[in-house]
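Here the structure comes first, spelled out in structure tokens, and everything after it is commentary.
Here is the naming used below: chain letters follow the sequence lines, and residue numbers restart at 1 for every chain. What you see is a predicted model, and the numbers here were worked out from it, not measured in a lab.
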Protein chains: 2
Amino acid sequence: MRVNALRAFKAEFFRALAHPTRIGILEILAGSDRTVQQLQAALGADQPTVSQQLAVLRAKNIVAARKAGTTVHYSVRDPLVADLLAIARRIFNNQLIGSQSLLRELQRETRRR
Amino acid sequence: MRVNALRAFKAEFFRALAHPTRIGILEILAGSDRTVQQLQAALGADQPTVSQQLAVLRAKNIVAARKAGTTVHYSVRDPLVADLLAIARRIFNNQLIGSQSLLRELQRETRRR
DNA sequence: GGATAATATCTATATATTAATATATGCGAG
DNA sequence: CTCGCATATATTAATATATAGATATTATCC
């Protein structure tokens with residue numbers, strides 16, 4: 001039964017998304033490619049943190065790195081990741097009925113797209 | 001900035017999916033509701049394992065439990081979860097080019113739906 | 001070559017997750 | 001009421017992950 005191997009693989013993929021910084025990175029990259037510096041600024045995170053979380057996403061082949069001189073540009077490998085995040089957003093939206101403040105922020109985000 | 005709180009929340013959601021058994025449970029429940037016993041049989045997992053992973057999904061409000069006498073029927077709360085898994089499947093499909101055996105199994109699964 | 005900027009990796013410690021096993025709870029049958 | 005089945009929870013040891021900080025690598029400029 002390699003259904004199990006497949007499920008382990010899927011679980012690994014979702015685990016790669018299971019971190020606030022990595023979610024942030026993907027949300028930003030879903031819009032357009034960015035350098036590490038830009039990600040640092042947009043996330044308000046320090047350099048090693050961003051770089052380390054990028055390494056996780058790279059290891060899972062979710063993002064790609066393109067080197068240009070001393071800076072590195074990152075992009076999402078599969079545009080479907082943006083769709084995935086969009087569906088996830090709708091699920092949160094349904095789920096958060098009752099948690100007003102988070103819900104408001106989520107709706108603001110949904111409108112923006 | 002409660003964008004961060006929101007991202008933490010999203011990360012938690014994905015963490016709930018980040019386990020082979022839980023993926024299995026959701027794939028099965030996406031088809032139709034099942035009792036714990038049915039899940040045990042379908043997954044080939046023992047009772048405490050299934051129950052424990054169901055508890056995780058319950059805690060995140062991803063599944064709902066309905067008690068009928070001594071047995072408990074589980075269902076997925078939001079039908080969008082099935083869509084999420086379907087998109088994830090397409091992402092794996094793109095990503096797995098090169099890993100032939102897993103890819104074959106994945107395509108078999110995609111065809112089935 | 002040396003200095004500097006951008007990015008990556010490592011290390012140590014704290015914390016979380018898992019798997020296996022044991023035990024507890026609730027309910028229906030008789 | 002008590003027995004047995006279905007499910008849930010607790011416990012513990014092993015493993016994995018996160019976080020913060022220090023350090024290493026790489027390319028560019030002089």
Side-chain angles (χ1 to χ4, degrees), chain A residues 1 4-5 7-26 28-29 33-77, chain B residues 1 4-5 7-26 28-29 33-77:
Chain A
M1 249 220 192
N4 291 318
R7 281 178 184 155
F9 182 85
K10 292 171 180 176
E12 270 187 69
F13 172 80
F14 283 117
R15 194 155 55 72
L17 306 190
H19 190 288
T21 303
R22 297 198 290 267
I23 290 281
I25 289 172
L26 290 176
I28 292 167
L29 291 184
D33 299 5
R34 297 293 162 88
T35 67
V36 177
Q37 287 184 98
Q38 291 175 323
L39 288 171
Q40 266 176 252
L43 294 167
D46 58 13
Q47 186 272 319
T49 298
V50 175
S51 200
Q52 194 177 320
Q53 302 308 334
L54 282 169
V56 173
L57 294 172
R58 235 186 308 124
K60 295 285 166 20
N61 271 292
I62 297 174
V63 302
R66 175 176 51 86
K67 234 176 166 170
T70 176
T71 80
V72 180
H73 296 254
Y74 276 90
S75 58
V76 175
R77 270 185 189 282
Chain B
M1 249 220 194
N4 291 317
R7 281 178 184 154
F9 182 86
K10 292 172 181 175
E12 269 187 69
F13 171 80
F14 283 118
R15 194 154 55 71
L17 306 190
H19 190 286
T21 302
R22 297 198 291 267
I23 290 281
I25 289 173
L26 291 176
I28 292 166
L29 291 183
D33 300 4
R34 297 293 163 88
T35 67
V36 176
Q37 288 184 96
Q38 291 175 323
L39 288 171
Q40 267 176 251
L43 294 167
D46 58 14
Q47 186 273 319
T49 297
V50 175
S51 201
Q52 191 180 323
Q53 303 308 333
L54 281 169
V56 173
L57 294 172
R58 236 186 307 124
K60 294 286 166 19
N61 272 292
I62 296 173
V63 303
R66 175 176 51 86
K67 237 176 163 167
T70 176
T71 80
V72 180
H73 296 254
Y74 277 89
S75 58
V76 175
R77 271 186 188 281

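- Separating the CZ atom in Arg66(A) from the OG1 atom in Thr35(A) is a distance of 10.5 Å, to the nearest 0.5 Å.
- Close to dA8(C), at under 4.0 Å from its OP1 or OP2, lies a side-chain N or O of Tyr74(A).
- Rounded to whole Å, atom C1' of dT26(D) lies 15 Å from atom NE2 of His73(A).
- Considering only heavy atoms from C-beta on, Val76(A) stays 4.5 Å or farther from Leu57(A) through its side chain.
- You'll find the side chain of Val36(B) reaches within 4.5 Å of the side chain of Gln40(B), heavy atoms only.
- Side-chain atoms of Leu43(A) and Thr49(A), non-hydrogen and from C-beta on, never get closer than 4.5 Å to each other.
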Please tabulate, one pair per line, each protein N/O and nucleotide N/O from nucleotides 19-25 of chain D that are separated by under 3.5 Å, including the distance.
{"residue": "dT19(D)", "atom": "OP2", "partner": "His19(A)", "partner atom": "NE2", "Å": "3.0"}

Could you go through the side chain to side chain contact (heavy atoms under 4.5 Å, CB included) check for Leu54(A) and Val72(A) one step at a time? CA-CA 11 Å; Leu54(A) 282 169; Val72(A) 180; over 6 Å; no
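- Rounded to an integer number of Å, the gap from Leu43(B) CG to dA19(C) P is 13 Å.
- The CG atom of Leu39(B) sits 11.0 Å away from the NE2 atom of His73(B) when rounded to the nearest 0.5 Å.
- The nearest whole Å value for the distance from the CG atom in Leu57(A) to the P atom in dT17(D) is 14 Å.
- Distance CG/Asp33(A) to CD/Gln38(A): 9.5 Å, rounded to 0.5 Å.
- As rounded to whole Å, 12 Å separates atom C1' of dA8(D) from atom CD of Gln40(B).
- Proximity of Ile23(A) to Phe14(B): side-chain heavy atoms (C-beta onward) are separated by under 4.5 Å at one or more points.
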Taking only nitrogen or oxygen atoms into account, show me every contact under 3.5 Å that the protein makes with nucleotides 27-30 of chain C, one pair per line with its distance.
none

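- Look at CG on Leu39(A): it is 13 Å from C1' on dA6(C), rounded to the nearest Å.
- Interatomic distance, Arg77(B) CZ to Leu29(B) CG, rounded to the nearest 0.5 Å: 12.5 Å.
- Formation of a donor-acceptor pair under 3.5 Å by the Arg22(B) side chain with backbone atoms of Ala16(B) is found in this model.
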Polar atom pairs (N or O), protein with nucleotides 12-16 of chain C, under 3.5 Å:
none

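- In this structure, Arg66(A) atom CZ and dT26(D) atom C1' are separated by 17 Å, rounded to whole Å.
- Of the listed nucleotides (dT7(C), dT7(D), dA18(D)), dA18(D) has the atom at the smallest distance from the side chain of Arg22(A).
- The nucleotide whose nearest atom lies closest to any side-chain atom of Val36(A) is, among dT18(C), dA8(D), dT7(C), dT7(C).
- Residue contacts shown for Ser51(A) include a base, since a base heavy atom lies under 4.0 Å away.
- Position along DNA chain D of the nearest nucleotide to Ala18(A) versus Leu54(B) favours Leu54(B) as the more 5'-ward residue.
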Stepwise, does the side chain to side chain contact (heavy atoms under 4.5 Å, CB included) test hold for Ile62(A) with Phe13(A)? CA-CA 9 Å; Ile62(A) 297 174; Phe13(A) 172 80; 3.8 Å; yes
